[in-house]
Amino acid sequence: MAWTVPKLKALKGKQKLVALTAYDALSARYADQAGIPLILVGDSLAMTVLGYETTLPITMDEMVHHTAAVSRGVSEGLVVADMPFMSYQGTVEHAIENAGRFIKEAGADAVKIEGGALRGPLVEKLVSNGIPVLGHIGLTPQSVKEFGGFKAQGKTAEAARNLMDDAMVLEQAGAFAIVLECVPAELAKTLSAALTIPTIGIGAGPHCDGQILVFTDVLGMGQGHVPSFVKKFADLKPQIEQALAAYKADVESGGFPQV
Ligand code: KIV
């Protein structure tokens with residue numbers, strides 16, 4: 001049976017929620033066949049697959065194109081599309097129009113937006129228009145310029161209080177779950193206990209209601225920086241390199257194809 005927003009919310013306190021990014025129909029099929037309930041078309045697509053330095057340059061059209069491919073590869077999981085930088089920070093009308101494209105054109109089930117209390121009114125508007133929202137607070141990569149780099153958040157008492165406010169506002173506004181990225185494990189534990197909706201951690205310790213990782217990191221096949229909190233469940237990069245070197249050598253030596 002396909003995953004829905006109410007089914008995911010009902011996991012809180014009963015079972016850990018597993019989430020993974022996917023960027024095309026191939027990665028989505030693998031994630032779906034593994035039974036991953038939440039499949040996020042993260043804007044990390046910009047860096048992991050499209051060769052950008054940050055997530056900032058990726059466009060709505062690029063995200064819609066890849067989300068549609070992921071939707072084609074998924075039959076059970078809940079597909080969440082990440083709203084890219086500047087697709088929701090302007091007017092509410094512009095944000096609703098963009099979020100609507102993910103549902104209508106790309107077959108997504110929900111959208112993710114970065115930011116806390118400031119996003120409350122937008123989350124409320126999206127949810128009341130039938131578009132489920134996954135929140136995202138802590139290290140929000142679209143604010144990398146404001147943070148001065150990819151830095152852990154919520155380390156001071158004041159920052160922790162602000163994150164608690166952010167989480168409460170998002171829950172109140174109707175977000176169905178919240179990603180906590182790179183916040184201290186104890187803070188993630190407090191937030192998870194205070195909220196009635198699931199928290200999904202990435203670099204936020206073991207006490208969150210669920211975990212999310214990036215597809216290429218889980219498989220050890222990425223080419224860029226891998227954060228220290230990542231656990232590789234396979235190490236495909238050397239295998240890919242060896243296979244491609246063997247193919248090249250075989251063709252060059254005449255070993256492939258055989259007569
Ligand atoms: O873009 C992304 O992949 C993300 C997750 C890692 C949470 O936002």
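Just so it is clear, the model here is predicted, and its values are computed rather than measured. In each ligand, atom 1 is the first atom listed, and ligand 1 is the first ligand listed. We use all heavy atoms of the structure for the numbers below, so side chains are in, but hydrogens, waters and symmetry mates are not.
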Within this structure, what is the [atom1]-[atom2] distance for the pair [X] and [Y], rounded to the nearest 0.5 Å?
X: D166; Y: I178; atom1: CG; atom2: CD1; result: 8.5 Å
X: H207; Y: T190; atom1: NE2; atom2: OG1; result: 9.0 Å
X: S128; Y: I96; atom1: OG; atom2: CD1; result: 7.0 Å

Say whether E181, considering both its backbone and side-chain N or O atoms, lies within less than 3.5 Å of an N or O atom on ligand 1. no
Check for me whether E114 has a heavy atom closer than 4.0 Å to any atom of ligand 1. no
Looking only at protein heavy atoms, which one is nearest to atom 3 (O) of ligand 1, and what is the separation?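 The protein heavy atom lying closest is S44 OG, 2.5 Å.
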Quick one: look up the protein heavy atom nearest atom 5 (C) of ligand 1 and list residue, atom name and how far away it is.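 Sorting protein heavy atoms by distance from atom 5 (C) of ligand 1 puts L40 CD2, 3.7 Å first.
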Between [Y] and [X], is there a salt bridge with N-O shorter than 4.0 Å?
X: D209; Y: K9; answer: no
X: E97; Y: R101; answer: no
X: D32; Y: R29; answer: no

Any idea which part of [X] is under 4.0 Å from ligand 1, heavy-atom wise: side chain, backbone, both or neither?
X: L213; result: neither
X: T21; result: side chain
X: I202; result: side chain

E171 (side chain) donor-acceptor with A194 (main chain) under 3.5 angstrom: no
If we number the atoms of ligand 1 from 1 as shown, the ones under 4.0 Å from a heavy atom of K112 are 8 (O)
Within a distance under 4.0 Å of any heavy atom of G42, pick out the atoms of ligand 1 and give their elements. 1 (O), 2 (C), 3 (O)
